[in-house]
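Notes follow the structure.
In this text the structure is predicted, and so the values were computed from the model without any measurement. Just so we're on the same page: letters track the sequence lines, and every chain starts at 1.
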Amino acid sequence: MIPVSREITFGEATLEAVREEMRRDDRVFAIGEDSGVRGGSFPIFRGIAEEFGDARLIGTPICEGATTNTALGAAMTGMRPIVGLHFADFMLRAMDEIGDQVARARYTFGGQCDVPMVIRAYDGVVNSAATQHSGAYEAIFAHFPGLKVVMPSTPADAKGLLKTAIRDDNPVIFLEHKRLLRTRGPVPDGEHLTPFGHAAVRRAGADVSIVGYGIMMSQALAAAERLAGDGIDAEVIDLRTLVPLDEDTVLASVARTGRLVVTHESWRRSGFGAEVAAVVAEKGFADLRAPVMRVAGEDVPVPFSPVLEQRVIPNAEGIVDAAKSACGHG
Amino acid sequence: MIPVSREITFGEATLEAVREEMRRDDRVFAIGEDSGVRGGSFPIFRGIAEEFGDARLIGTPICEGATTNTALGAAMTGMRPIVGLHFADFMLRAMDEIGDQVARARYTFGGQCDVPMVIRAYDGVVNSAATQHSGAYEAIFAHFPGLKVVMPSTPADAKGLLKTAIRDDNPVIFLEHKRLLRTRGPVPDGEHLTPFGHAAVRRAGADVSIVGYGIMMSQALAAAERLAGDGIDAEVIDLRTLVPLDEDTVLASVARTGRLVVTHESWRRSGFGAEVAAVVAEKGFADLRAPVMRVAGEDVPVPFSPVLEQRVIPNAEGIVDAAKSACGHG
Amino acid sequence: MSGDVSNERMLELLLQMARIRTFEETIERLNREGRIPGFLHTSIGQEACAVGTCEALEGGDYVTSTHRGHGHCIAKGADLRATMCELYGKAAGQNGGRGGSMHVSDFGVNMLGANAIVGAGLGIALGAALSSKFHESGRISVAFFGEGASTNGAFHENLNLASSIGVPVLFVCENNGYAHEAPVQKILSVPNVADFHTGYGIPGHIVDGNDVLAVLEVMTEVAGMVRATGRPALVEAKTYRQRGHHGGDSGRHYRSADEIEAWLAKDPILRLSRRLIESGVEREAIDAVLADATREVEDAVDFAEAAPLPDPESALLEVYGGDSGE
Amino acid sequence: MSGDVSNERMLELLLQMARIRTFEETIERLNREGRIPGFLHTSIGQEACAVGTCEALEGGDYVTSTHRGHGHCIAKGADLRATMCELYGKAAGQNGGRGGSMHVSDFGVNMLGANAIVGAGLGIALGAALSSKFHESGRISVAFFGEGASTNGAFHENLNLASSIGVPVLFVCENNGYAHEAPVQKILSVPNVADFHTGYGIPGHIVDGNDVLAVLEVMTEVAGMVRATGRPALVEAKTYRQRGHHGGDSGRHYRSADEIEAWLAKDPILRLSRRLIESGVEREAIDAVLADATREVEDAVDFAEAAPLPDPESALLEVYGGDSGE
Ligand SMILES: Cc1ncc(C[n+]2csc(CCOP(=O)(O)OP(=O)(O)O)c2C)c(N)n1
Ligand SMILES: Cc1ncc(C[n+]2csc(CCOP(=O)(O)OP(=O)(O)O)c2C)c(N)n1
Ligand SMILES: [Mg+2]
Ligand SMILES: [Mg+2]
């Protein structure tokens with residue numbers, strides 16, 4: 001489908017998106033903590049200052065809340081900020097700003113302004129970063145009306161969805177899993193936009209629908225391979241955007257397979273998998289032939305020690321087990 | 001069941017709980033914003049200073065985050081704080097403290113300390129308080145492992161659950177709906193504790209299970225009455241505590257009725273109703289005879305104008321419709 | 001000091017303050033009567049801060065406010081009828097009735113909204129100032145806030161951020177002595193909020209917030225400097241909340257009658273009226289201005305009373321908008 | 001100044017600093033070699049702050065720390081073997097391997113933990129001080145933090161809250177010149193973090209953070225005052241982060257070689273060694289202390305290497321605990 005021109009990493013793809021959109025529209029600017037914004041281990045805006053100058057990459061002190069409301073004020077008055085909050089954990093320090101201000105400004109002011117801004121952060125579990133650097137809060141952001149929530153799983157989507165996010169006139173939470181940043185994949189040359197609200201069927205299958213996003217896609221595809229060996233033909237769906245949610249693609253898949261496994265790395269309880277399960281348990285109930293299974297992070301703060309950390313995050317094996325269990329019931 | 005001795009309000013019941021526990025255990029103290037902590041429109045600690053002195057009611061500036069971490073430090077070192085954050089909206093300004101610090105201290109430090117603290121706040125929609133004073137975030141708190149989440153619906157439970165919360169060695173989020181504060185009900189004399197993790201069957205019924213909590217209980221019971229008129233016998237379950245969740249009572253009910261309606265006032269998308277739906281869609285699937293329905297707040301920031309406000313919050317009528325729809329499918 | 005303000009201009013300032021006063025006294029009554037829903041926080045007694053500051057601004061400048069925002073909104077030039085409609089929850093309100101008292105706004109005059117979260121307006125004003133810097137528009141932003149907000153981390157973060165990145169934002173603290181029931185000295189350890197300026201390398205000023213001429217003079221100077229330098233400043237206006245914290249609070253159980261009396265004697269409208277008389281203006285001219293204010297507000301009430309409610313189904317609109325980027 | 005410290009005590013201070021230095025140099029290597037997982041932020045060059053401060057405390061006093069907490073933990077008396085086990089993610093770590101470098105702690109010595117969120121330790125220390133006030137235990141709390149944290153709202157809220165409610169907490173800023181890649185003057189508009197003390201009505205002090213005797217002297221005085229008055233104080237120790245921000249950062253692309261060199265010459269261990277020589281202590285005695293430190297750390301490594309990993313299933317335990325209140 002995608003014309004394969006070249007392979008780049010997920011991280012490079014996001015930087016391409018930022019650069020292209022900043023060239024295209026001079027209202028777009030980047031803002032984030034000065035510490036590490038230019039380089040460092042997670043270079044959320046690497047190379048941006050070099051090309052666009054310090055004026056369009058605003059380095060801030062360590063004040064996620066003030067930075068977010070500042071971006072909001074800029075967005076309300078004609079600019080299009082991209083906020084880099086680094087670790088998604090730090091978004092908790094801007095939760096009022098994100099959830100109570102940014103998400104609601106357009107509605108509460110009766111549509112007097114647009115709020116064209118993107119908030120980027122790295123989330124998820126990586127290499128014993130321990131609990132306060134392993135957070136993933138998409139379920140929380142999805143709860144606030146007014147936000148869109150994007151979780152790409154491939155370099156092509158990382159680029160295409162980020163460009164769409166930057167052009168969107170609404171606030172977009174754009175979450176990049178740390179373990180995806182160095183993964184490589186084909187990204188089309190030239191203008192490449194991925195629309196919101198369109199899930200991708202990563203593998204077609206007839207027996208069970210595995211629905212997820214972000215980091216769990218590779219696990220879901222690996223699980224599908226193993227299931228194929230056991231004679232189970234799994235369909236793998238990548239939601240790509242949680243808000244807006246492509247209910248149609250999910251429901252159509254379940255209509256064919258009758259079985260649903262939902263997967264995400266973040267905590268199970270009150271996680272986004274519950275929303276997908278609830279949507280299908282209502283709108284797809286007639287098609288369901290087996291219990292809806294969730295394969296998600298254990299409900300514990302992510303521990304440091306690798307043996308513990310591995311125990312609490314979901315993997316292909318868990319998806320295989322859940323899918324088999326669902327099919328056993330079918 | 002409860003020996004009816006006297007009727008008091010929900011608000012009075014919580015103050016009784018605080019007073020009794022402060023008398024019982026001198027490690028218990030109250031802390032919250034000085035402005036309004038003693039009186040005001042929502043007197044979260046009314047009368048406490050008079051009985052226990054200023055030393056045990058710490059009035060703070062407007063710093064929800066610092067107050068919460070202060071309570072955490074006190075809880076880690078032998079005290080048992082009750083934090084009053086007034087409107088639940090302001091909890092967003094302490095989300096890092098609640099979600100990243102309080103919730104995780106015990107686990108991350110390997111059980112070296114207990115974290116016996118309660119965070120109280122008033123939530124939900126009341127009288128055109130508008131979007132930033134109508135928030136209800138139980139789904140978010142339920143997502144964080146380490147927190148317990150309590151949402152009483154009656155004065156008796158308000159007292160019994162708050163006393164249990166204060167005696168718990170773990171952090172408890174205790175959410176009181178503003179429209180419940182002045183409701184009256186019987187509260188037993190003497191020591192009255194309500195255990196966590198035990199849902200209450202408020203009305204037994206055979207045709208459909210209506211599961212909810214807090215403010216929606218009165219709507220659910222009203223709906224059940226109206227459904228009875230139409231020959232539908234609804235069971236009404238009050239979860240009382242979201243974490244721990246009494247899955248057994250919910251599943252046992254659905255095993256009897258085959259139909260589930262979940263209801264809460266807070267936003268539908270990624271709300272706690274999704275969690276209940278997902279639990280039942282997995283563990284109670286074999287019993288389900290109809291789509292799982294959610295009756296919840298519309299996914300919009302709560303608007304000010306009464307006609308708009310009423311349009312976005314759920315009510316008995318919505319529950320009736322959902323239950324009928326579920327029964328139509330059965 | 002401020003001896004050079006013409007009688008005409010003083011009468012104009014009087015009209016503006018009287019408009020706010022009458023507006024708030026009126027909505028206070030309408031709220032009690034149940035015609036205006038929700039919580040109301042009035043700025044009665046603090047009008048000189050809003051008027052003196054906004055008078056020092058240019059039309060394109062931005063303003064953000066607090067839960068106590070009617071005065072700032074009106075002083076910035078918001079349409080009175082639309083503002084009244086917003087308070088009534090009518091469709092013709094600037095926010096379509098979605099915001100009400102704690103979210104009054106008028107983007108048409110760059111009044112970017114009251115805000116029900118203490119301290120939240122500071123960052124939004126800062127961001128608008130950043131916009132102005134990008135656009136080289138010469139505009140500045142004013143963030144109004146209470147002394148209570150200065151105990152919140154948002155205050156500190158935003159003053160430091162504004163100074164660090166260098167944007168033209170004027171932080172205006174209306175120190176009215178109380179944060180709800182808490183007297184300022186219980187929650188702050190410094191005598192003046194303006195004292196915080198030293199921590200951020202920005203100028204700090206204190207002004208008598210009940211003297212509109214003094215406010216106008218200081219704000220004219222400071223706003224000019226903010227505009228010229230592109231850098232922030234902090235001004236504290238010492239004033240007093242004559243009413244309770246909100247409609248439901250008498251404000252009398254934690255404040256002495258003497259204290260309230262003393263401040264009533266310093267009422268900004270009274271003071272300007274006295275000054276006008278001293279300057280030779282006739283009592284009639286003053287009364288005419290007050291009558292004008294009354295008429296304007298009555299007109300707004302009539303308009304709002306007659307205006308239609310929003311369509312309930314419109315509650316579901318405008319959560320997302322504009323271009324979806326696709 | 002500080003001329004009254006005996007050679008024995010100076011050797012003890014040297015041992016403590018050398019213990020931290022050797023510990024951190026060792027874990028830095030083990031982390032590179034893949035034996036210790038996760039991110040590491042070392043305090044190499046800042047040891048005098050941790051040691052001079054903790055030496056001024058009493059055993060029951062509380063300490064909270066930052067992402068850069070090994071030194072504070074060890075200086076407070078944490079068991080070296082258990083701390084090393086924690087870094088290895090072994091079951092015998094104080095946190096059972098659940099926390100690692102950014103969460104090192106030892107509640108047995110009232111070290112209430114490192115913390116990976118900038119500014120979070122301040123409130124926890126404040127709360128522990130509130131406990132001490134309730135218990136009338138005479139204990140104080142120390143909150144260590146970096147100058148970067150002083151740009152966060154949590155800093156401001158906690159200093160104001162501590163002063164407002166009056167609790168014995170000593171806020172210790174280790175100003176090491178950088179917050180990750182940002183030099184302090186880019187993110188702060190005041191020359192000294194200590195300057196903020198004026199906003200909170202508390203004493204503020206600056207001390208040479210690379211001179212352990214100076215730190216000990218100032219902290220002894222200030223901690224004594226905090227204990228006596230039951231009120232907070234702020235001390236800023238000027239120091240330097242010799243390494244990069246964390247293991248993966250050389251720290252050299254945003255700092256000049258000259259700057260780094262100049263600070264290496266002011267190394268706190270070097271300085272105390274020189275001082276000991278001047279005071280007539282033999283080189284051998286100093287070397288013996290350094291050898292002791294090495295032996296202790298080697299012992300801890302041997303212990304941790306041999307210690308068992310936690311049972312994977314234990315990952316699901318301890319989310320909740322204690323009495324359920326039922
Ligand atoms: C973050 C937050 N915490 C608490 C409140 C509740 N609250 C509303 S107004 C107020 C007092 C504000 O005092 P001040 O800033 O002095 O403004 P004033 O009311 O005096 O105009 C408080 C505590 C709030 N709205 N937001
Ligand atoms: C709230 C928050 N924002 C951002 C970070 C990322 N971060 C970790 S350390 C650091 C710099 C801290 O600088 P400073 O306080 O001076 O401490 P130092 O590293 O110099 O010891 C930053 C920005 C964080 N951990 N927490
Ligand atoms: Mg005030
Ligand atoms: Mg530093």
Side-chain angles (χ1 to χ4, degrees), chain A residues 65 89-90 92-101 103-104 107-108 130-132 135 137-146 242-243 245 260 262 266-286 288 290-294 298-301 303-304 329, chain B residues 65 89-90 92-101 103-104 107-108 130-132 135 137-146 242-243 245 260 262 266-286 288 290-294 298-301 303-304 329:
Chain A
D89 308 82
F90 311 153
L92 298 180
R93 291 208 66 77
M95 196 53 85
D96 176 66
E97 290 79 0
I98 297 172
D100 222 10
Q101 306 292 339
R104 307 183 198 195
Y107 183 89
T108 306
T131 185
Q132 289 170 344
Y137 302 117
E138 71 275 9
I140 293 176
F141 299 119
H143 193 41
F144 288 105
L242 278 52
V243 182
L245 177 65
L260 175 63
V262 196
S266 52
W267 296 308
R268 175 181 356 239
R269 188 174 60 227
S270 217
F272 196 74
E275 178 61 26
V276 176
V279 164
V280 173
E282 180 184 348
K283 300 183 184 170
F285 181 74
L288 274 178
V292 177
M293 309 296 289
R294 282 185 287 169
E298 296 288 350
D299 290 319
V300 308
F304 165 76
H329 276 79
Chain B
D89 307 82
F90 312 154
L92 297 180
R93 292 208 65 77
M95 196 52 85
D96 177 67
E97 290 79 1
I98 297 172
D100 220 11
Q101 306 293 338
R104 308 184 199 195
Y107 183 91
T108 307
T131 185
Q132 289 171 344
Y137 302 116
E138 71 275 11
I140 292 177
F141 299 120
H143 193 42
F144 288 105
L242 278 51
V243 182
L245 176 66
L260 175 62
V262 195
S266 52
W267 296 308
R268 180 184 349 242
R269 187 175 61 228
S270 215
F272 196 73
E275 178 62 24
V276 176
V279 165
V280 174
E282 180 183 348
K283 299 182 185 172
F285 181 75
L288 273 179
V292 176
M293 308 297 288
R294 284 186 285 169
E298 297 288 350
D299 290 318
V300 308
F304 164 77
H329 276 81

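- Here the closest heavy-atom approach between residue R294(B) and residue E282(A) is recorded as N-OE1, 4.3 Å.
- Among I140(B), D100(B), I98(B), the residue making the largest number of heavy-atom pairs under 4.5 Å with chain A is D100(B).
- Contact count against chain A (heavy-atom pairs under 4.5 Å) is highest for G271(B) among G99(B), G146(B), G271(B).
- Among W267(A), Y137(A), F90(A), F304(A), the residue with the largest count of heavy-atom pairs under 4.5 Å with chain B is W267(A).
- For the atom pair R93(B) CZ and E97(A) CD, the distance stands at 4.5 Å (nearest 0.5 Å).
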* Check the pair F285(A) / V292(B) against side chain to side chain contact (heavy atoms under 4.5 Å, CB included), numbers first and verdict last. => CA-CA 8 Å; F285(A) 181 74; V292(B) 176; 5.5 Å; no
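- Between the CZ atom in F272(B) and the CZ atom in R269(A) there is a gap of 7.5 Å [rounded to 0.5 Å].
- Residue contact with chain B, scored on non-hydrogen atoms closer than 4.5 Å, is absent for F141(A).
- Between chain B and the options V279(A), L288(A), T131(A), the largest number of non-hydrogen pairs under 4.5 Å is found for T131(A).
- Looking at E138(A), neither its backbone nor its side chain comes within 4.5 Å of chain B, counting heavy atoms on both sides.
- By number of non-hydrogen pairs under 4.5 angstrom with chain A, the leading residue of A139(B), A277(B), A281(B) is A281(B).
- Considering only heavy-atom pairs separated by less than 4.5 Å from chain B, the leading option among A278(A), S270(A), A94(A) is S270(A).
- Contact record, T108(B) with P301(A): OG1-CB, 4.4 Å, taken as the closest heavy-atom pair.
- Annotation: the span from R268(A) atom CZ to E275(B) atom CD amounts to 9.0 Å, rounded to 0.5 Å.
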* **Derivation of the side chain to side chain contact (heavy atoms under 4.5 Å, CB included) call for Q101(B) and Q132(A)** => CA-CA 9 Å; Q101(B) 306 293 338; Q132(A) 289 170 344; 3.4 Å; yes
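- Here D299(A) is the residue among V280(A), D299(A), L260(A) with the most heavy-atom pairs under 4.5 Å with chain B.
- Atoms CG and CG, on D96(B) and D96(A) in that order, are 13.5 Å from each other to the nearest 0.5 Å.
- For the atom pair CE of M95(B) and CG of L92(A), the computed distance is 7.5 Å after rounding to the nearest 0.5 Å.
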